[in-house]
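These numbers were taken from a predicted model, which means no experiment stands behind them. Along the sequence shown, residues are numbered consecutively beginning with 1.
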Amino acid sequence: MTETSGVFPSRAQRTRIDIVSIFPAFLDVLDLSLIGRAREDGLIDLRIHDLRDWAHDRHRTVDDTPLGGGAGMVMRPDVWGEALDAVLAGGPEAPGAGRAVLLIPTPAGEVFTQRTAEDLARADRLVVACGRYEGIDSRVPRHYAARGFEVRELSIGDYVLNGGEAAAIVMIEAIARLLPGVVGNPASVLEESHSAAGLLEHEALTRPVAWRGLDAPEVLLSGDHARIARARRDEALARTAARRPDMIRALDPATLDSQDRTTLARHGWVVPAGAPRPVPMRLRPAEPDDAEALAALAARTFPDACPPFLPPEKIATHISRALCPERFAQWIADERAGVTVAELPEGSPADSDAEPIAPGELVGYAVSLLEARDADGALPEGLDARPPGIAAPDAASGRAVAELSKVYADSRLRASGLAPVLISHALAGAGRAGATEIWLGTHEGNRRAQKAYKRAGFRPRGKRVYEVGGIACRDVVMSLTLDPAGEPNPRKEPHA
């Protein structure tokens, strides 16, 4: 953004800001830093007025007791009326020329946000009326609104201050720094919390690179601007999800790319098809009561991964045998099986083209099976035969093998980032169970799945034949080495 572009274009005259207060010295802080420099450089015409100059008794009284009784004092409308008439009439522009806004800081006002600041930065003139005690008589804003003035009663938060001066300083700082020339590097106005992106700002780091055992991320030193931008975007999403979930709820799905969605899913948010906004998502270990719902989810999702030549009745036969409630119940009860489910605690609304999701509905699952025998010498139910390209487990060397048997997401969660998160969760679980290598088979025609597994670090290890309803299908076999901590290590070559 330059001084003559963006949403805050330069204007023929400088912005004028008048502040009326019974404590003018409170506003001296505005002579400091960037706002003070902008005032000296003529970028802002900032004027402070003492409300008591319009009081006519010898005590310069500006307040009185509340009508109807009650605690505290209320600021008089007659004093404020004279003051605002004089200040509003004292502008250099002709009446009605440009946009003038009367701002009244009050805890009863609308919330002041970055969007509010951006809007007010477009005004030609701001007049700020700083109340004290119980506030300004409520007829004052009504009177000036009735006269055609734009009146904004604004709150900087859900708390109460002694007066409007501190709030006025906050708002003027937020507004003035958006004006052309006030901030030295205009890009910094765009890349910060509460900007148009609707996110908190990423972490701010500088030299030294290593400090007290805390090292800056390597990506920031790489010189790869695309990677740095992506890392910062991911950090902003993660920070916002952790600290301001209300801001995540307000994001427009149209502004989120595939990596954004994956990052959000890693932090518990997804955008189902047709949903107007992100919704919370929770990953958890499957429980015995989930068996029926898992079988129903499997019946919906397994056909999506099948090659087109498989007849529906053959697919149904496979589901009834391999993905039935009894099979899921066996896995949930078997410590060698890791079964993770994804659910939407609040559900999700949808537009007319998509089906809504009920609160608590399961929308995805993953199953990993450790190739280990139980006390009776039996392997886990449903464990596929290990392909020739995958070496056998070896207790002597500590080698343990697991199969990533299932990773499925409801079609309404396609492209939501849920599948990569299910994969990561399954890998971490297999590592904690002791696996040092994990493999999977996916149909050779399912390019979408193969790309997803490659992004997770899996590499091709050969092929196998897999039967669905008695019909042979050709799968690509892929595997990934796991570090002892359970983290994927795609740099390590699996044993053959």
Side-chain angles (χ1 to χ4, degrees), residues 1 7 113-115 118 187-205 217-220 222 224-283 340 342-351 353-354 357 363-364 366 407-428 447-449 451-457 488:
M1 186 181 79
V7 294
T113 68
Q114 188 67 18
R115 301 291 85 73
E118 291 169 0
S188 64
V189 174
L190 300 177
E191 300 172 359
E192 58 192 3
S193 297
H194 308 288
S195 66
L199 300 172
L200 299 181
E201 190 176 10
H202 55 77
E203 286 187 335
L205 301 171
E218 175 276 331
V219 65
L220 299 181
S222 68
D224 187 330
H225 297 296
R227 282 184 63 212
I228 292 171
R230 182 67 259 174
R232 285 176 169 170
R233 173 77 172 175
D234 289 345
E235 171 69 22
L237 287 162
R239 265 186 152 193
T240 308
R243 301 178 181 183
R244 290 292 303 274
D246 58 306
M247 294 175 67
I248 297 294
R249 288 182 187 275
L251 290 175
D252 181 356
T255 66
L256 303 172
D257 63 23
S258 60
Q259 183 58 45
D260 291 340
R261 292 169 185 244
T262 297
T263 300
L264 282 176
R266 292 189 193 284
H267 294 277
W269 294 85
V270 292
V271 183
R277 294 288 183 264
V279 296
M281 179 274 296
R282 183 163 71 110
L283 292 180
T340 298
E343 64 181 2
L344 303 190
E346 300 175 9
S348 175
D351 59 23
D353 296 327
I357 298 172
V363 292
V407 178
Y408 288 103
D410 189 292
S411 61
R412 293 166 293 181
L413 274 295
R414 191 164 293 163
S416 69
L418 176 57
V421 175
L422 283 168
I423 293 171
S424 296
H425 204 271
L427 297 182
R447 305 296 183 191
R448 179 170 56 86
K451 287 180 180 178
Y453 291 126
K454 284 182 179 178
R455 285 194 292 269

Considering non-hydrogen atoms only, spot the tightest contact between Pro276 and Pro349 and give its length. CD-CG, 4.0 Å
side-chain hydrogen bond (donor to acceptor under 3.5 Å, both in side chains) partners for Thr113, two or more places apart: Thr116
Is Arg249 close to Val279 at the side-chain level, that is, under 4.5 Å between some pair of heavy atoms? no
For the NE2 atom of His202 and the CG atom of Leu237, what is their distance to the nearest 0.5 Å? 12.0 Å
Evaluate the side-chain proximity of Val270 to Pro280: yes if any heavy-atom separation is below 4.5 Å, no if none is. no
Between Ala366 and Leu422 the two heavy atoms that sit nearest each other are CB-O, 4.0 Å
Roughly how far apart are His425 NE2 and Thr340 OG1, rounded to 0.5 Å? 5.0 Å
Which heavy atom in Thr255 sits nearest to a heavy atom in Arg233, and how many Å separate them? O-NH2, 3.5 Å
Residue that, paired with Arg230, satisfies side chain to side chain donor-acceptor pair (under 3.5 Å) out of Asp224, Asp260, Thr263: Asp260
The test is side-chain contact (heavy atoms from CB on, under 4.5 Å); show your working for Leu200 and Arg243 and say whether it passes. CA-CA 9 Å; Leu200 299 181; Arg243 301 178 181 183; 3.9 Å; yes
Side chain proximity check, Val421 to Leu283, heavy atoms < 4.5 angstrom: yes
Test item: Arg239 side-chain N/O and Glu201 main-chain N/O as donor-acceptor pair under 3.5 Å: yes
Ion pair Arg115/Glu118, N-O distance below 4.0 Å: yes
Under a 4.0 Å threshold between the charged nitrogen and the carboxylate oxygen, would Arg282 count as salt-bridged to Glu346? no
Using a 3.5 Å distance criterion without hydrogens, assess whether the side chain of Ser348 forms a donor-acceptor pair with backbone atoms of Leu344. no
In short, Ala350 meets Ala273 closest at the heavy-atom pair CB-O, 4.1 Å
Point-to-point distance, once rounded to the nearest 0.5 Å, from CD of Glu235 to CG of Leu220: 9.5 Å
Does the side chain of Leu251 come within less than 4.5 Å of Arg277's, by heavy atoms? no
Applied to residues 411-422, the side-chain hydrogen bond (donor to acceptor under 3.5 Å, both in side chains) test, sequence neighbours excluded, yields Asp304-Arg414, Glu361-Arg412, Asp410-Arg412
Looking only at heavy atoms, which two atoms of Arg266 and Ser424 are closest? And how far apart? NH1-OG, 3.0 Å
Quick check: closest heavy atoms across Ala265 and Leu418, and the distance to 0.1 Å? CB-N, 4.1 Å
